[in-house]
Protein chains: 2
Amino acid sequence: MYIFGVLNGNMISNTCKYGIRAILYIAVNSDGEKKIGIKKISEDLNLPGPFLGKIMQTLAKNKILNSVKGPHGGFSLAKAPEKISLYDIVKIIDGDDVFHECLIGVKICENNPEYTNLCPFMEKSHKVREMLEKTFKEQTIGEFAKGINSLDEFLQI
Amino acid sequence: MYIFGVLNGNMISNTCKYGIRAILYIAVNSDGEKKIGIKKISEDLNLPGPFLGKIMQTLAKNKILNSVKGPHGGFSLAKAPEKISLYDIVKIIDGDDVFHECLIGVKICENNPEYTNLCPFMEKSHKVREMLEKTFKEQTIGEFAKGINSLDEFLQI
DNA sequence: AGAAAAAAAGAGTTTTAACTCCAAATAATT
DNA sequence: AATTATTTGGAGTTAAAACTCTTTTTTTCT
């Protein structure tokens, strides 16, 4: 769907999508204590293992995950799943530009936290985008996990 | 704002942003008949000329622009600016996945035009995303152009 | 007809996101 | 203490988006 190449809907990077899916997997499959390893997660979710490893590292550094090395090691959630929002993960991995940046990239919209003097489209769209941001902030991993019925639902397109 | 590299808000590709800005530039600076060349547009908007050329080609192929070769040639809008929406341009250049694709990339949400059996987050977010799509559809180039006060407002971040 | 000015087309290069590989560190088990 | 299973860290490679360069085609003007 991209004139000069591939590109699919790119609102959230693959890196970030993988991170979210992995965290959901842990929330569903661990009681909060049990550690789950990258090998198992990447096999079950069909994600590139070594790459997922990097993502998990950054989530661990950012206090979303706990990690333990060695036999029986792996990752577990560092907080209650109800305390982790999708926004938290997006913020860490992609940043929050996607919710704030001018959609057509014009100068006057930037560095404008008060939303004054916006381009005409930013004027019309910034409220919808704030709603989108709110949707990410209100969606917790805990609630999401409850709504998942089967492993199949995690799988990549 | 990206863990492993750069990445800014990537909802709309740069290619598409350049296309939108160039069309706006034409809408503001041409009466509808006058042709404007890539050289002038790219210099004034501070965009890479040859790359913008490619983008203009695809917009011309898709009946958004008229192009005329040779001296006094250049590009003009192929329709009334009120008949061109931002959505039209996004659809041509990036595709519309950005409005429909599952935000965390899970399988069950795909090929689901009726929006049945969605993942819990898609369930909660698809209405906001439809609003976003509507915002793009309702924003015409004509109306946008009226709201622009100076060339400066076009310029890239 | 010839020259000049523009877009079109094709084949590149560069940069960045996505992904891999390997060695080192750490922790548990025997 | 040695072995094994795991994460961590660093340095790569690959693929796709972004961008460039050069040649060809078309049109206008003299």
Side-chain angles (χ1 to χ4, degrees), chain A residues 1-19 21-22 26 34-43 45-62 65-76 78 93-95 97-98 105 156, chain B residues 1-19 21-22 26 34-43 45-62 65-76 78 93-95 97-98 105 156:
Chain A
M1 279 295 201
Y2 184 63
I3 284 188
F4 308 133
V6 177
L7 191 77
N8 27 14
N10 226 22
M11 193 141 117
I12 305 298
S13 72
N14 280 350
T15 309
C16 189
K17 288 176 181 174
Y18 296 171
R21 300 219 289 272
I26 295 172
K34 200 178 108 189
K35 310 286 178 190
I36 308 183
I38 285 170
K39 191 148 176 287
K40 175 137 182 62
I41 300 173
S42 62
E43 280 171 8
L45 298 187
N46 205 20
L47 298 177
F51 187 48
L52 182 61
K54 300 292 184 192
I55 300 168
M56 302 298 264
Q57 276 180 38
T58 60
L59 290 170
K61 275 180 200 142
N62 284 277
L65 296 175
N66 285 131
S67 74
V68 177
K69 292 178 179 179
H72 304 289
F75 295 89
S76 61
I93 298 180
D94 283 351
D97 278 356
V98 69
Q156 201 172 357
Chain B
M1 278 296 199
Y2 184 62
I3 285 189
F4 307 133
V6 177
L7 191 80
N8 26 15
N10 226 20
M11 192 142 120
I12 305 298
S13 72
N14 279 351
T15 308
C16 189
K17 287 176 181 173
Y18 295 171
R21 300 220 289 272
I26 295 172
K34 201 177 109 190
K35 309 287 177 190
I36 308 182
I38 284 171
K39 190 147 175 287
K40 175 141 183 59
I41 300 173
S42 64
E43 280 172 8
L45 298 188
N46 205 20
L47 297 177
F51 187 50
L52 182 61
K54 301 291 185 193
I55 300 168
M56 301 300 263
Q57 275 178 42
T58 61
L59 290 170
K61 276 179 199 141
N62 283 277
L65 295 175
N66 285 131
S67 74
V68 176
K69 292 179 178 180
H72 304 290
F75 295 88
S76 61
I93 297 180
D94 284 351
D97 277 356
V98 70
Q156 201 172 358

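Proteins get letters first, then strands, A, B, ... in listed order; numbering begins at 1 in each.
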Does [X] make a side-chain N or O approach to OP1 or OP2 of [N] shorter than 4.0 Å?
X	N	value
Lys17(A)	dA17(C)	no
Gln57(A)	dG9(D)	yes
Ser67(A)	dT7(D)	no

By the 4.0 Å heavy-atom rule, please label [X] as base, sugar-phosphate, or nothing.
X	answer
Gly74(A)	sugar-phosphate
Gly37(A)	sugar-phosphate
Lys40(B)	nothing
Lys35(B)	nothing

Counting heavy atoms from C-beta on, name the nucleotide in [options] closest to the side chain of [X].
X	options	result
Thr15(B)	dA5(D), dC19(C), dA18(D)	dA18(D)
Tyr18(A)	dA4(C), dA5(D), dC19(C)	dC19(C)
Pro71(A)	dG9(D), dT20(D), dA28(C)	dA28(C)
His72(A)	dC29(D), dT29(C), dA8(C)	dT29(C)
Phe75(B)	dA7(C), dG10(C), dT26(C)	dA7(C)

Step by step, would you call Asn66(A) with Lys35(A) a side chain to side chain contact (heavy atoms under 4.5 Å, CB included)? CA-CA 9 Å; Asn66(A) 285 131; Lys35(A) 310 286 178 190; 4.0 Å; yes
Want to settle it: does Pro50(A) or Met56(B) sit nearer the 5' end of DNA chain C, counting the closest nucleotide to each?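 Mapping each residue to its closest nucleotide by heavy atoms, the 5'-most match is Met56(B).
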Return whichever of Phe51(A) or Ile38(B) has its heavy-atom-nearest nucleotide of DNA chain C closer to the 5' end.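 First, find each residue's nearest nucleotide; the 5'-ward one identifies Ile38(B).
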[X] has an atom [atom1]; how far is it from atom [atom2] of [N], in whole Å?
X	N	atom1	atom2	answer
Lys54(B)	dA17(D)	NZ	P	16 Å
Asn66(B)	dT27(D)	CG	C1'	15 Å
Ile41(B)	dA7(C)	CD1	C1'	12 Å
Lys39(A)	dT4(D)	NZ	P	15 Å
Met11(A)	dA17(C)	CE	C1'	19 Å
Leu47(A)	dA18(C)	CG	C1'	12 Å
Lys61(B)	dA8(C)	NZ	C1'	8 Å
Asp94(A)	dT16(C)	CG	C1'	14 Å

Donor-acceptor pair, Arg21(B) side chain versus Gly105(A) backbone, under 3.5 Å?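 It does hold such a pair.
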Return yes if some donor-acceptor pair links the side-chain N/O of Asp94(B) with the main-chain N/O of Ser13(B) below 3.5 Å, else return no.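 At least one qualifying donor-acceptor pair exists.
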Out of curiosity, Phe75(B) CZ to Ile41(B) CD1, how far, rounded to the nearest 0.5 Å?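 Going from the CZ atom of Phe75(B) to the CD1 atom of Ile41(B) covers 7.0 Å.
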Please round to the nearest 0.5 Å and tell me the distance separating atom CD of Gln57(A) and atom CG of Asn62(A).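 If I round to the nearest 0.5 Å, the distance is 12.0 Å.
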Identify the heavy atoms of Thr15(B) and Ile55(B) that sit nearest to each other, and give their distance.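 Looking at all heavy atoms of both residues, the shortest contact is O-CD1, 3.5 Å.
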If you take atom types as modelled and just measure distance, does the side chain of Lys69(B) reach the base of dA5(C) with a donor-acceptor pair under 3.5 Å?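 For Lys69(B), whose side chain was compared with the base of dA5(C), there is no donor-acceptor pair (under 3.5 Å).
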